Amino acid sequence: MTSSPTSVDQQRRLLTAIPGPRSQELHARKEAAVSSGVGVGLPAYVERAGGGILVDVDGNHLIDFGSGIAVTTVGNAAPAVVEGVARQAADFTHTCFMVSPYEEYVAVCEELAELTPGEASTKRSALFNSGAEAVENAVKVARTFTGRSAVVAFDHAYHGRTNLTMALTAKSMPYKHGFGPFANEVYRAPMAYPLRWPGSPERCAEESFQAFVDMLHAQVGETSCAAVVIEPIQGEGGFIVPPEGWLRMVADYCTEHGILLIADEIQTGFCRTGDWFACDREGVVPDLITTAKGIAGGLPLAAVTGRAEVMDSVHSGGLGGTYGGNPVACAAALGAIRTMKEQDLCGRAREVEALFLPRLEALRSKYDVVADIRGRGAMLAIELTAGAGDLTPNPTATAAINKHCHSQGLVTLTCGTFGNVFRFLPPLSSPDHLLSEGLDLIDEAFAAVLG
Ligand SMILES: *Cc1c(COP(=O)(O)O)cnc(C)c1O
């Protein structure tokens, strides 16, 4: 069991209804000042956080099963992150790496070369501010290297909210609705989604791979395709885990046709799935890998990493940005990565999986709306359907269970193309007793909603 030293008391404690009166006041101010286009899942305003707890402005201690969407993997205000940020902010806050460079940027790229799949000495990286920006830049690099323009993404994919990444993202509401026209030369292939593969889950890998190959051949043309972009385990689309072997087939196919494989590990990376990167599980080495979220303990940082011949194919000055690889964000990343190594957070993610899975399986045997339990490491989910062999998505029960958890001081999230996936992304700094208590609250929520 791992837990970071934190001054935040590691106990759930409810002093008011959730959200409490001070949160409600702040929320009224939010509604008067912040665009309603920026939604809030649970309007309990946070004052402090650490370990596995978020403390709100009414003094409630909430259990965190979301990590700010897989970001605070090392915990909130993790000591090494705080120390790095404070030291770096006192030294200097910005120069723009392209104007006056600094060591921290280089050190993060060295860590990325060492930690991402493939031989370290052959890799180069470039740093950016957000996941979407990393994906955009990976596509830019792939187009330059291959001299081709088409990009293939999958059903249920999520790659961000900028124009090109909206085009790559599959789900319309809320990510794309009304925001088109989108970037062109983006094509979509069927995802290997075992639960929903027509016919049988056993044939999902082979048949969905063949459907991908057929689509690419007929609608794109192999020699026009620059890259295939893939989340090794899909995030926002529903924590969809393709069958073992499928990723390898896609990777081999790309190699054979001179197409670059871009692994979007923005959500799955940095220990979340029990390995440094989800590709590690099958020994797949993507041509390019995008990272963000867990990389810097909550500071905005993202990266594209790939083989030197690919990354260096871009003309000098072709990649960059004012803030990309900001020194404070880089110092945070170096602290976060050190924490992951020292505390073996990959091992911790596997412990979290071992703690969660039997509890989630117990729900499956009790409620027939639980159609699937899936995920890996500390990235786990339940898919809810109408029940009794009927795969009609059940977003109503999913939302009600999620809301019930919130009312009890457990911060949970939903996802999925059909809004029917209840997902768990606890910080790896959370002690076992909070994880167990969170699972008890989930049991209670299922009982309260489903009877
Ligand atoms: C969150 C996410 C992104 C976008 O990252 P932002 O930092 O929000 O731009 C892209 N890809 C995946 C897989 C993600 O989970």
Side-chain angles (χ1 to χ4, degrees), residues 37-41 66-73 116 126-140 142 151-171 174-176 179 182-183 186 188 191 193 227-242 247 261-273 275-279 286 288-305 321 323-326 329 332-333 336 375-381 413-417 421 423-425:
V38 182
V40 170
S67 300
I69 318 187
V71 170
T72 52
T73 302
T116 57
L127 304 183
F128 304 97
N129 303 294
S130 70
E133 209 189 340
V135 174
E136 291 245 355
N137 278 280
V139 170
K140 282 161 66 173
V151 181
V152 172
F154 290 87
D155 283 334
H156 313 287
Y158 182 85
H159 299 291
R161 296 173 181 266
T162 56
N163 190 266
L164 174 59
T165 58
M166 275 193 292
L168 293 167
T169 291
K171 186 176 176 176
Y175 308 124
K176 305 169 74 166
F179 298 148
F182 304 110
V186 170
R188 198 164 304 285
M191 177 64 191
Y193 188 168
V228 169
V229 188
I230 187 160
E231 298 157 88
I233 297 175
Q234 289 183 318
E236 304 308 296
F239 282 26
I240 299 161
V241 187
L247 187 63
L261 182 71
I262 302 175
D264 180 349
E265 293 239 25
I266 288 166
Q267 191 154 161
T268 47
F270 286 103
C271 305
R272 180 51 58 184
T273 63
D275 293 290
W276 278 99
F277 296 95
C279 282
L288 292 167
I289 181 167
T290 56
T291 53
K293 294 203 163 91
I295 191 173
L299 276 285
L301 187 71
V304 181
T305 303
Y323 295 116
N326 168 274
R376 197 185 293 161
M379 180 176 179
L380 300 168
L413 304 168
T414 61
C415 66
T417 299
V421 179
R423 61 165 156 173
F424 315 112
L425 292 161

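Just so you know, ligand 1 is whichever comes first in the structure, and atom 1 is the first atom listed for that ligand. When reading the values below, keep in mind they use all heavy atoms of this one structure, side chains included, and skip hydrogens, waters and symmetry mates. Given the structure is predicted, the values throughout are model-derived calculations rather than measurements.
- Regarding atom 11 (N) of ligand 1, its nearest protein heavy-atom neighbour is Asp264 OD2, 2.7 Å.
- Smallest separation of non-hydrogen atoms from Ala278 and Glu265: N-OE1, 2.7 Å.
- In this structure, Gly131 counts as a contact residue of ligand 1, since one of its heavy atoms falls inside 4.0 Å of the ligand.
- Between Gln234 and Met191, the closest heavy-atom pair is OE1-CG, 3.4 Å.
- Just one of Thr290, Asp264, Thr169 meets the side chain to side chain donor-acceptor pair (under 3.5 Å) condition when paired with His159; it is Asp264.
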(request) Decide yes or no on side chain to side chain contact (heavy atoms under 4.5 Å, CB included) for Val151 and Ile262, but give the supporting numbers first. (result) CA-CA 10 Å; Val151 181; Ile262 302 175; 5.8 Å; no

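- Nearest heavy-atom pair across Phe182 and Asn163 is C-OD1, 3.7 Å.
- Here the closest non-hydrogen pair linking Arg188 and Ala167 is NH2-O, 3.0 Å.
- Contacts between Ala292 and ligand 1, counted as non-hydrogen atom pairs separated by less than 4.0 Å, are absent for every part of the residue.
- Close approach to Glu231 involves these atoms of ligand 1, each under 4.0 Å from a residue heavy atom: 13 (C).
- Residue contact check: Ser130 has heavy atoms under 4.0 Å from atoms 7 (O), 9 (O) of ligand 1.
- Taking 4.0 Å as the cut-off between side-chain N and carboxylate O, Arg423 and Glu236 count as a salt-bridged pair.
- Here Lys293 has side-chain heavy atoms under 4.0 Å from ligand 1, and that is the only part of it that gets that close.
- Atom 9 (O) of ligand 1 has its closest protein heavy atom at Ala132 N, 2.8 Å.
- Protein heavy atoms come within 4.0 Å of atom 15 (O) of ligand 1.
- Among the atoms of Gln267, some N or O lies under 3.5 angstrom from an N or O of ligand 1.
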